[in-house]
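Keep in mind it's a predicted model, so treat the numbers as computed, not measured. Chain A is the first sequence line, chain B the second, and so forth, proteins listed ahead of strands; every chain is numbered from 1. Both backbone and side-chain heavy atoms feed into the values below; hydrogens, waters and symmetry mates do not.
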2 protein chains.
Amino acid sequence: MMDRSCPGVVEPILELLDGKWTLLLLFELLNGTKRFGELRRKLQPISPKTLTDRLRLLEEKGLVTRTLYPGVPLHVEYEFTESGKALQPIFEAMWNWTQEHGTYLKKDMALAVLNN
Amino acid sequence: MMDRSCPGVVEPILELLDGKWTLLLLFELLNGTKRFGELRRKLQPISPKTLTDRLRLLEEKGLVTRTLYPGVPLHVEYEFTESGKALQPIFEAMWNWTQEHGTYLKKDMALAVLNN
DNA sequence: CTCCATAGTTCATTTTTTGAAACTATTGCA
DNA sequence: TGCAATAGTTTCAAAAAATGAACTATGGAG
């Protein structure tokens, strides 16, 4: 994907954070264990395909675990690994930047945040 | 106080960092003022179109300034605004995460960056 | 033996992004 | 006049990513 002349140090994290929805998904998981349907609702209007794609990828990279609970109805829980939890400082730095420099926050977004 | 993990808060930054090459480009600018051709060489094999697209977008968002120096040959310098410089903690957090959890990191890449 | 709820999968299509190639603009100098 | 060096722009095709609609799997309750 990237040339070796690029600052390779960030390569791993670039791959992780890549893709529409990925960062929002990670944000959700930062709040703790979440079920598939729960994530789907929170990330509306994400498609179930995209959501599974992202989750599978994150699982593959060792950032989240997937646990199936049999029973009726069955359900599945997604949770950060230690590696995933360790992303928190990055998100905090983003949060801080946004507080001071993010001027694009739209009113409806703000409301969504407050109602969450 | 707002929930730090709430996705909406971080939308502005997601938009900023979005797109292939964007993060790598920001990394370059973190090292100081850069000319168009310089960026193009460092980010090889980026196309000039994509590079201008990215630079224009970052300019629009207030993260970089573009300064034209007439003369022969003319040249152009791109530089972070204060807002752009303030991204540094985010990159540092990424760097730290990669040190501890990025399994793709190669030592010579890291050195190349540090010597830059 | 059908239904419900959960959590997906499959495949075709659309949308978005990226890229390659060729071309433009500026201006001093030989 | 024509050239050299920088910094782009333009156009169109190709590739990648996202979406939508419909379908599958599970297993107990009725």
For [X] and [N], what is the distance between atoms [atom1] and [atom2] respectively, to the nearest whole Å?
| X | N | atom1 | atom2 | answer |
| --- | --- | --- | --- | --- |
| A/Leu57 | C/dG8 | CG | P | 15 Å |
| B/Arg54 | C/dT16 | CZ | C1' | 11 Å |
| B/Lys20 | C/dT18 | NZ | P | 7 Å |
| A/Leu68 | C/dG8 | CG | C1' | 11 Å |
| A/Arg40 | C/dG8 | CZ | P | 11 Å |
| A/Leu74 | D/dA25 | CG | C1' | 8 Å |

From [options], pick the nucleotide closest to the side chain of [X]?
| X | options | value |
| --- | --- | --- |
| B/Pro48 | D/dG8, D/dA18, C/dG19 | D/dG8 |
| B/Phe36 | D/dG8, D/dT19, D/dT6 | D/dG8 |
| B/Asp18 | C/dT17, D/dA7, D/dA18 | C/dT17 |
| A/Ser47 | C/dA5, D/dT19, D/dT6 | D/dT19 |
| B/Val76 | D/dT19, D/dG8, D/dT6 | D/dG8 |

A/Leu58-B/Leu14 co-clustered via ILVMFWY side chain contacts under 4.5 Å: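 Both belong to a single hydrophobic cluster.
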
A/Ile46 reachable from A/Leu24 in the ILVMFWY side-chain graph, under 4.5 Å edges: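 As far as the 4.5 Å side-chain criterion goes, A/Ile46 and A/Leu24 are connected within one cluster.
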
Residues A/Leu30, A/Phe80; criterion side chain to side chain contact (heavy atoms under 4.5 Å, CB included); working and verdict: CA-CA 7 Å; A/Leu30 221 52; A/Phe80 264 146; 3.3 Å; yes

Presence of [X] side-chain N/O under 4.0 Å of [N] phosphate oxygens OP1/OP2:
| X | N | result |
| --- | --- | --- |
| A/Thr52 | C/dT9 | yes |
| B/Arg66 | D/dA7 | no |
| A/Thr50 | D/dA18 | no |
| A/Arg56 | C/dG8 | yes |

May I ask you to say what [X] touches in the nucleic acid, namely base, sugar-phosphate or nothing, with a heavy-atom cut-off under 4.0 Å?
| X | result |
| --- | --- |
| A/Arg35 | sugar-phosphate |
| A/Gly71 | nothing |
| B/Tyr78 | sugar-phosphate |

Which residue lies more 5' along DNA chain D, comparing A/Val72 with A/Lys49 via nearest heavy atoms: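 On the 5' side of the pair lies A/Lys49.
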
5' precedence on DNA chain D between A/Pro70 and A/Asp53 (nearest-nucleotide basis):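 By nearest-heavy-atom nucleotide position, the 5'-most residue is A/Asp53.
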
Salt bridge B/Lys85-B/Glu82, side-chain N to carboxylate O under 4.0 Å: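 B/Glu82 and B/Lys85: salt-bridged.
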
A/Trp97 side chain to B/Ser83 backbone, donor-acceptor under 3.5 Å: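 It does hold such a pair.
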
